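Taking it in order: structure first as structure tokens, then the write-up.
Letters go in sequence order (proteins before strands), and every chain restarts at 1. Keep in mind that this is a model prediction, so the values were computed, not measured.
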There are 2 protein chains.
Amino acid sequence: MILGGSPSVTFIGAGNLATQLALALHNKGIRIIQIFSRTEEAATQLATKVAASSCTHINNITSEADIFIFAIKDTVLEDVVSKMPFHNGLWLHTSGSMPMDLFMPYIESYGILYPLQTFSKTKEVDFSQIPLFLEGSNEKALDTTRQLACILSPHIYSLDSEKRKWLHLSAVFANNFTNHLYSIASDIIRETGVPFSVLLPLIQETASKVQKLPPLVAQTGPAIRYDENIINKQLEMLKDNPEYQEIYRLLSQSIFHLQKK
Amino acid sequence: MILGGSPSVTFIGAGNLATQLALALHNKGIRIIQIFSRTEEAATQLATKVAASSCTHINNITSEADIFIFAIKDTVLEDVVSKMPFHNGLWLHTSGSMPMDLFMPYIESYGILYPLQTFSKTKEVDFSQIPLFLEGSNEKALDTTRQLACILSPHIYSLDSEKRKWLHLSAVFANNFTNHLYSIASDIIRETGVPFSVLLPLIQETASKVQKLPPLVAQTGPAIRYDENIINKQLEMLKDNPEYQEIYRLLSQSIFHLQKK
């Protein structure tokens with residue numbers, strides 16, 4: 001499929017991940033052929049940045065690219081793949097939780113390029129720091145996926161769909177749920193009149209600590225020994241917000257249980 | 001109390017915070033008189049580092065210092081303060097959740113120096129980045145506390161005990177509970193055979209994002225729209241661990257509720 005030189009890529013999707021991935025590939029000299037998005041603004045915006053053409057109807061995707069990357073929401077992935085015109089090439093998706101085999105009815109050569117990171121449209125990320133998890137429908141598909149991945153990052157792992165699901169679940173805890181605890185902290189700190197920004201060094205240090213210590217060892221706070229005196233006082237403070245109270249109770253218990261293990 | 005020049009300090013406690021605070025003050029030229037800890041090894045270890053004497057019996061604390069800093073666990077603070085020999089000077093504690101008035105029966109001049117950060121004994125921290133929250137039993141006590149705090153950090157706030165309790169509670173979410181989510185992620189990722197270290201760039205980026213965006217805006221993941229399809233699949237994956245399953249369910253609901261607000 002790829003005869004000498006680098007593969008060319010078309011993107012299905014123009015969201016946060018598609019944007020960052022297309023930009024990173026473009027900056028590495030990979031030719032981006034086309035950007036498809038139902039939202040015209042998103043499609044043209046990204047297409048302009050990576051010198052590609054854009055389209056808003058899936059039937060207008062051309063056959064020109066070597067690789068077609070579906071970087072779209074999990075909820076619409078299967079539907080969009082089913083509507084994709086049949087273009088020979090390698091079809092990839094970038095989802096942590098969706099199986100590789102959803103491509104099976106449509107194409108022979110397919111695979112996964114799952115970057116373990118959180119993306120924003122505007123904040124550029126350094127792909128060379130991002131672990132990439134790959135899977136391929138056959139050796140050749142995996143090789144081509146690896147060839148593309150290597151351009152982006154040295155941190156490359158082969159992982160099957162079942163294990164990738166667990167990896168993605170661990171990332172939900174480390175990223176989505178962690179961010180929500182920041183939101184709760186930001187909500188609670190309003191009681192003090194002090195700005196949320198005073199918590200930023202603590203948030204930063206908490207994340208830095210586990211770069212060196214296992215999180216189980218880095219754990220501090222009253223829940224380690226389930227110090228009822230302090231825990232009950234803090235539960236009482238949250239009595240007007242039963243949801244936060246329950247989160248406090250459950251996480252404190254869980255800290256205690258994990259430390260005892 | 002402090003006649004020209006800097007105050008001298010005695011520490012009651014030799015744990016993580018006492019260690020880092022004593023080291024930081026010592027490095028700024030503040031004279032550390034004595035380190036008290038019931039554990040002889042901890043007392044002498046820290047005392048050696050900061051050129052102080054050490055003692056393991058509270059009655060052997062001398063009257064020499066201008067400031068006595070109680071940097072000990074919340075659970076023993078009141079008991080240790082009650083056993084402290086009466087030495088005139090400024091008595092401070094460093095706890096986020098304990099009221100200032102626990103000193104009232106014993107001394108006239110007392111206050112709070114609460115650094116909003118997590119400390120390890122071995123990992124040095126840059127105090128100039130740490131927000132310090134102060135309180136004083138009277139103007140003079142607050143002034144002296146501020147004088148000491150200014151040596152350490154430009155980020156200084158006056159905050160009463162009631163508000164400090166809320167600040168501390170928000171820190172429990174941003175630090176203790178966040179670290180526990182890292183532990184859960186580390187536990188779950190074992191299923192994949194991939195090392196926990198692959199999550200570190202994600203953890204780092206999640207913490208970095210909220211340095212620029214409010215956490216409510218930075219939130220991503222299936223819970224934002226309460227995407228039942230994905231959420232139910234992930235709940236099913238956790239069926240052998242009801243505690244993690246309940247944490248997943250509760251945090252997903254809470255994300256959804258907060259985004260709707």
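Heavy atoms closer than 4.5 Å to chain A are found nowhere in Val217(B), neither backbone nor side chain. Proximity to chain A (any heavy atom under 4.5 Å) is shown, for Val210(B), by both the backbone and the side chain. There is no contact between Ser197(A) and chain B, counting heavy-atom distances below 4.5 Å. Interface remark: Leu159(B) contributes side-chain atoms only to the contact with chain A (heavy atom separation under 4.5 Å). Heavy atoms closer than 4.5 Å to chain B are found in the side chain of Ile230(A), but not in its backbone. Interface remark: Phe119(A) contributes backbone atoms only to the contact with chain B (heavy atom separation under 4.5 Å). Using a 4.5 Å cut-off between heavy atoms, Tyr157(B) touches chain A through its side chain atoms alone. With a 4.5 Å cut-off on non-hydrogen atoms, Val198(B) touches chain A through its backbone and its side chain both.
Interatomic distance, OG of Ser254(B) versus NE2 of His180(A), reported as 2.5 Å (0.5 Å rounding). Going from atom CZ of Phe173(A) over to atom CG of Leu199(B) covers 12.0 Å, rounded to the nearest 0.5 Å. From Gln253(B), atom CD reaches atom CD of Glu243(A) across 6.5 Å, with rounding to the nearest 0.5 Å. Rounding to the nearest 0.5 Å gives a distance of 5.0 Å between CE of Met237(A) and CG of Leu169(B). Here the straight-line distance linking atom CG of Asn179(A) with atom NZ of Lys209(B) works out to 7.5 Å at 0.5 Å rounding. Considering CH2 of Trp166(A) and CG of Leu238(B), their distance stands at 6.0 Å, rounded to 0.5 Å.
Nearest heavy-atom pair, Ala174(B) versus Ile203(A), reported as atom, atom and distance to 0.1 Å: CB-CG1, 4.0 Å. When every heavy atom of Pro215(B) is checked against every heavy atom of Ser186(A), the shortest pair comes out as CG-CB, 4.0 Å. Nearest heavy-atom pair across Glu205(A) and Val125(B) is OE2-CG1, 4.1 Å. Closest non-hydrogen pair, Pro201(B) versus Gln129(A), comes out as CG-O, 3.4 Å.
For the options Asp126(A), Thr118(A), Ile189(A), Ile130(A), heavy-atom pairs under 4.5 Å to chain B are most numerous at Thr118(A). Of the residues considered (Asn229(B), Leu116(B), Leu216(B)), Leu116(B) shows the highest number of contacts with chain A, using heavy-atom pairs under 4.5 Å. The candidate with the highest count of non-hydrogen atom pairs below 4.5 Å against chain A, out of Met98(B), His257(B), His155(B), Gln259(B), is His257(B). Ranked by non-hydrogen atom pairs under 4.5 Å with chain B, the options Gly221(A), Ser120(A), Pro131(A), Ser183(A) are led by Ser183(A). Top candidate by heavy-atom pairs under 4.5 Å with chain B, chosen from Val172(A), Thr192(A), Leu258(A), Val194(A), is Thr192(A).
Counting non-hydrogen atoms of other residues, nucleotides and ligands closer than 6.0 Å to CD of Glu41(B) gives a total of 12 or fewer. Surrounding CD of Gln211(A) are more than 12 heavy atoms belonging to other residues, nucleotides or ligands, all under 6.0 Å away.
The salt bridge (charged side-chain N to carboxylate O under 4.0 Å, His left out) contacts involving residues 212-238 of chain B comprise Glu236(B)-Lys239(B), where partners must be two or more places apart or lie in separate chains. Sequence neighbours left out, the pairs with a member in residues 160-176 of chain B that pass salt bridge (charged side-chain N to carboxylate O under 4.0 Å, His left out) are Glu135(B)-Arg164(B), Glu162(B)-Lys165(B). Under the salt bridge (charged side-chain N to carboxylate O under 4.0 Å, His left out) criterion, the residue pairs touching residues 173-200 of chain B are Asp187(B)-Arg190(B), with sequence neighbours excluded.
Ring geometry, Phe177(B) versus Tyr248(A): the interplanar angle exceeds 60°, so the pair is classed perpendicular (tilted spans 30 to 60°).
Within residues 73-81 of chain B, the residues having any heavy atom under 4.5 Å from a heavy atom of chain A are, by residue number, Lys73(B), Asp74(B), Thr75(B).
Thr206(A) and Asn175(B) share a donor-acceptor pair across their side chains, judged by distance under 3.5 Å alone.
The side-chain heavy atoms of Asn176(B) and Pro222(A), taken from C-beta on, include a pair separated by under 4.5 Å.
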